[in-house]
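Report on one structure; see the data block that follows.
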Amino acid sequence: MESSSSSCSGQHDSVTTNRLEAFSDGVFAIAATLLILNVVEPAGPLGQGLLHIWASYVAYAVSFVTIGVIWINHHGVIAQIAKVDRVFLLVNVIFLMLIAFIPFPTRLLAEHIMADGAQAAALAYGITLTGTALMFNVMWQYAAHDKRLLRENASERAVRGITRSYLPGPFIYLVATVSAVVSPQLSAVLYAAIALFYVLESSLFGGRA
């Protein structure tokens, strides 16, 4: 009887985690899809107009890759978790709220990076991604502290690797955000460089955690 109860409990935890991941995947998918709405058909002659909105292409690519890398990392976190509680769910909801918000500052950056309002747009984008990285760390640290929510067989090496990989994120984005005060264009370049860095980091070292 005790064995049956334990089995039911484990099944409940598994279902809860699956529902969390399914909901999160939906938010990620919607946020990534909404990015394309920022790329609008230009006015005037089509050929010249398509070249004129180059910033929209760049902003779309950078944000899509950024959301994609965050999704991959979120999947890695969930893979280490055996169960979730209300606190973790609430932190995850705030994290997803920021993910869903990314298309808005992406559009601001695309439309204003070479015009008036460039600094405000770059700051809005950076603050959003800094907050996203911060909440990601809060979510992971809460789950990993004393293995509160982790699988019993979670590898210590994997846990340390995830912590080490995610911890610099908020600080890196904060530096890029603050640089917008000096040069919004420099800040935008740094956002693109950070996205590229995390793609390379995930590709080259993601499997070694």
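- A distance of 5.0 Å separates CD of Gln185 from CD1 of Ile113, quoted to the nearest 0.5 Å.
- The hydrophobic cluster containing Leu190 does not contain Val182, counting ILVMFWY residues as joined when their side-chain heavy atoms lie under 4.5 angstrom apart, directly or transitively.
- Applying side-chain contact (heavy atoms from CB on, under 4.5 Å) to Val91 and the options Arg86, Met139, Gln141 leaves one that passes, Met139.
- Interatomic distance, CG of Asn73 versus CZ of Phe136, reported as 5.0 Å (0.5 Å rounding).
- In Phe64, the CZ atom is not crowded: 12 or fewer heavy atoms of neighbouring residues, nucleotides or ligands sit closer than 6.0 Å.
- At a threshold of 4.5 Å between non-hydrogen side-chain atoms, the residues Thr106 and Phe101 do not count as touching.
- Annotation: the span from Ser56 atom OG to Glu111 atom CD amounts to 6.5 Å, rounded to 0.5 Å.
- Remark: Tyr198 engages no residue in a ring-ring contact (aromatic ring centres under 6.0 Å, His included) (not counting sequence neighbours).
- Going from atom CH2 of Trp140 over to atom CG of Leu167 covers 12.5 Å, rounded to the nearest 0.5 Å.
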**Q.** Test log, rule side chain to side chain contact (heavy atoms under 4.5 Å, CB included), inputs Tyr60 and Ile36
**A.** CA-CA 7 Å; Tyr60 168 78; Ile36 194 59; 3.9 Å; yes
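- When side chains are defined from C-beta on, Asn38 does not count as touching Phe104, because their heavy atoms never get closer than 4.5 Å.
- Heavy-atom neighbours of Asn153 CG from other residues, nucleotides or ligands within 6.0 Å: above the threshold of 12.
- Pairs passing the side chain to side chain donor-acceptor pair (under 3.5 Å) check and including a residue from residues 128-139, sequence neighbours excluded, read Thr130-Thr177.
- Here the side chains of Gln80 and Lys147 are not in contact, with every heavy-atom distance at 4.5 Å or above.
- Side-chain contact between Pro170 and Leu174 is absent, with no heavy-atom pair separated by less than 4.5 Å.
- Grouping the Ile, Leu, Val, Met, Phe, Trp and Tyr side chains by contacts below 4.5 angstrom, directly or via other members, places Phe28 with Met135.
- Put simply, Leu149 and Leu90 are part of two different groups of oily side chains (I, L, V, M, F, W, Y) that touch within less than 4.5 Å, one to the next.
- Of the residues Leu34, Val27, Ile102, the one that meets the side-chain contact (heavy atoms from CB on, under 4.5 Å) test with Ile67 is Ile102.
- Note: the hydrophobic cluster containing Val189 does not contain Ile127 (ILVMFWY, side chain heavy atoms under 4.5 Å, direct or indirect links).
- Side chains of Tyr142 and Asp85: a donor-acceptor N/O pair is present below 3.5 angstrom, by distance only.
- In this structure, CG in Leu96 is found 10.5 Å from CG in Leu89, a value given to the nearest 0.5 Å.
- When the side chain to side chain contact (heavy atoms under 4.5 Å, CB included) test is applied to Ala180, the partners found at least two apart in sequence or on another chain are Ala122, Leu123, Ser187.
- Between the side chains of Tyr191 and Thr66, no donor N or O sits under 3.5 Å from an acceptor N or O.
- No side-chain heavy atom of Arg148 sits less than 4.5 Å from a side-chain heavy atom of Phe88.
- Residue Tyr57 qualifies as enclosed at atom OH: its count of foreign heavy atoms under 6.0 Å is above 12.
- Side-chain contact check for His74 versus Asn92: some heavy-atom pair is nearer than 4.5 Å.
- When side chains are defined from C-beta on, Leu134 does not count as touching Tyr173, because their heavy atoms never get closer than 4.5 Å.
- Inter-residue side-chain proximity for Asp25 and Glu21 is flagged as met; some heavy-atom pair is nearer than 4.5 Å.
- One distance of note links CZ of Arg157 with CD1 of Ile162; it measures 12.0 Å at 0.5 Å rounding.
- In plain terms, the two heavy atoms of Thr33 and Ala29 that are nearest each other are OG1-O, 2.7 Å.
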